[in-house]
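What follows is a set of notes on a single structure, which appears directly below.
None of these values were measured; they are calculated from a predicted model. In the text below, chain A, chain B and the rest are named by the order of the sequence lines, each starting its count at 1. The analysis underlying the following values was restricted to heavy atoms, covering all of them including side chains, and did not include hydrogens, waters or symmetry mates.
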Protein chains: 2
Amino acid sequence: MGRRSDHTREQLRALLIAEGHKLLAEQGLGKFSGREVAKRAGYTVGTIYNVFGSLDRLVAAINSHTFLLWADFLRERLAAGGDDRIKSLVEGYFDFALAHPNLWSAIYDHRLVDADELSETDYSQRAALTAIVEDEVRAVLTDPTMPGADRFARSLIATVHGHCSYVVSGTFALLEEPDPVGSALARVRECLAAQK
Amino acid sequence: MGRRSDHTREQLRALLIAEGHKLLAEQGLGKFSGREVAKRAGYTVGTIYNVFGSLDRLVAAINSHTFLLWADFLRERLAAGGDDRIKSLVEGYFDFALAHPNLWSAIYDHRLVDADELSETDYSQRAALTAIVEDEVRAVLTDPTMPGADRFARSLIATVHGHCSYVVSGTFALLEEPDPVGSALARVRECLAAQK
DNA sequence: TTTTCTAATTGAGCAATGTTCAGTTTTACG
DNA sequence: CGTAAAACTGAACATTGCTCAATTAGAAAA
């Protein structure tokens, strides 16, 4: 009631994102509820609109946070994995999505009305993941200064994304694909080989 | 009121799918409303539950119908297009998605609780699209009897799907990718070339 | 023809949602 | 200490998915 000294603005922001993140992971975007997030954080609906302006922006912030975790996850996989770093990346992409299907799906299911729903912070948090892959792809190219190497890298991300998307949505299960990760990796290798 | 002789059960089914299809195309899955579909069809909420059992199954039926239109669209493109049939397919994939972004997104945003939400009809309507691509891919392979040609074809679909998904969701716009279709086609060509 | 039966259709009722905003409370500052 | 600004609440509103008793239209039986 009234202003709470329990949390600073930043702490409150972080708290709502954290609780929202948990709820999203548990229930998925479909059953995500602003009221429930507020309740779990010990506040009420209105506070979310105070802090984030709209529910959409809270979800955007939660998704950006997921990107951070995802990037960390990939970095760990790269560090722990062997010499085949491309393999580590592809498998890491899938493993994260399969470990947190609701969080992963929310990233792509959440349609932003405007591009300006995304803050500067959102942008940079999301770019980190792309940057990791770009570095690794460039390291594997015979000519790392190849023009359009970054575009090529993102095209490979899209390739893996498509396979992963089919797994999470159940499409591949329907088609009885036994090894989607292997397929994705095979495609990536073929495309990489073609650049040499 | 009471039983209406206006429509047989099948006509009513088709009518609700048709009106639902229009509404979905206009508003997207987020603002899709069973009440609104019923109203447009000249019925009320309850009727949807009578005919489809649940809203989810209506949406599933609408999405299956979208698959039919999509398959027709691809067949026309193949017929009208030139010798480069793979190009026709890739561009057709994107063009359909971009022409009907709400319908296309709904297919992948709609999560089925159980696999048995999908009827036998749903399955076959959805399989048509895959079959078209499988045929064309096999026709282009030097060895059309190559083991796993069907799995390979679906992997190519996933590849194109990933690129298309990034376009529709705005991810590629964010990354300032100037030619996503060209990228997708390039990847597909590289993978096809690798099979020879 | 009249009555009876059955299945289709309605719409009120319920719990829940996103969003707004007038009012209340707390804190910081003069 | 008093005042002004900022934070927080929660009632209000329109809307949603879903259920189910009541109603009604049409087919079958008398």
> Nearest-Å distance, CZ (A:R13) to P (D:dA7)?
Replying inline: 14 Å

>> Restricting to non-hydrogen atoms, name the atom on A:T66 and the atom on A:H21 that form the minimum distance, rounded to 0.1 Å.
In response: OG1-NE2, 2.9 Å

> Side-chain donor-acceptor pair under 3.5 Å between B:R111 and A:S169, yes or no?
Replying inline: no

>> What is the separation between atom NE2 on B:H7 and atom P on D:dG26, rounded to the nearest whole Å?
In response: 13 Å

>> For a 4.5 angstrom cut-off between non-hydrogen side-chain atoms, does A:C191 reach A:L156?
In response: yes

> Does anything in residues 35-51 of chain A reach DNA chain C, meaning a heavy atom under 4.0 Å, and if so which residues?
Replying inline: A:R35, A:V45, A:Y49

> Atom CZ of B:F52 to atom P of C:dT9: distance rounded to whole Å?
Replying inline: 12 Å

> Okay, side chain of B:R154, backbone of A:L175: is any donor-acceptor separation there less than 3.5 Å?
Replying inline: yes

> Who are the salt bridge (Lys or Arg N to Asp or Glu O under 4.0 Å) partners of A:K31, not counting sequence neighbours?
Replying inline: none

> A:L55 CG to D:dT15 P: how many Å, rounded?
Replying inline: 18 Å

> Rounded to the nearest Å, what distance is computed from the CG atom of residue A:L12 to the C1' atom of nucleotide D:dA6?
Replying inline: 13 Å

>> Using whole Å, what does the distance between atom P of nucleotide C:dT27 and atom CZ of A:R9 come to?
In response: 16 Å

> When the distance from NZ of B:K31 to C1' of C:dT19 is rounded to whole Å, what number comes out?
Replying inline: 13 Å

> Of the non-hydrogen atoms in A:L141 and A:A149, which two are nearest, and what is the gap between them?
Replying inline: CD1-CB, 4.0 Å

> When the distance from CG of A:D6 to P of D:dA6 is rounded to whole Å, what number comes out?
Replying inline: 20 Å

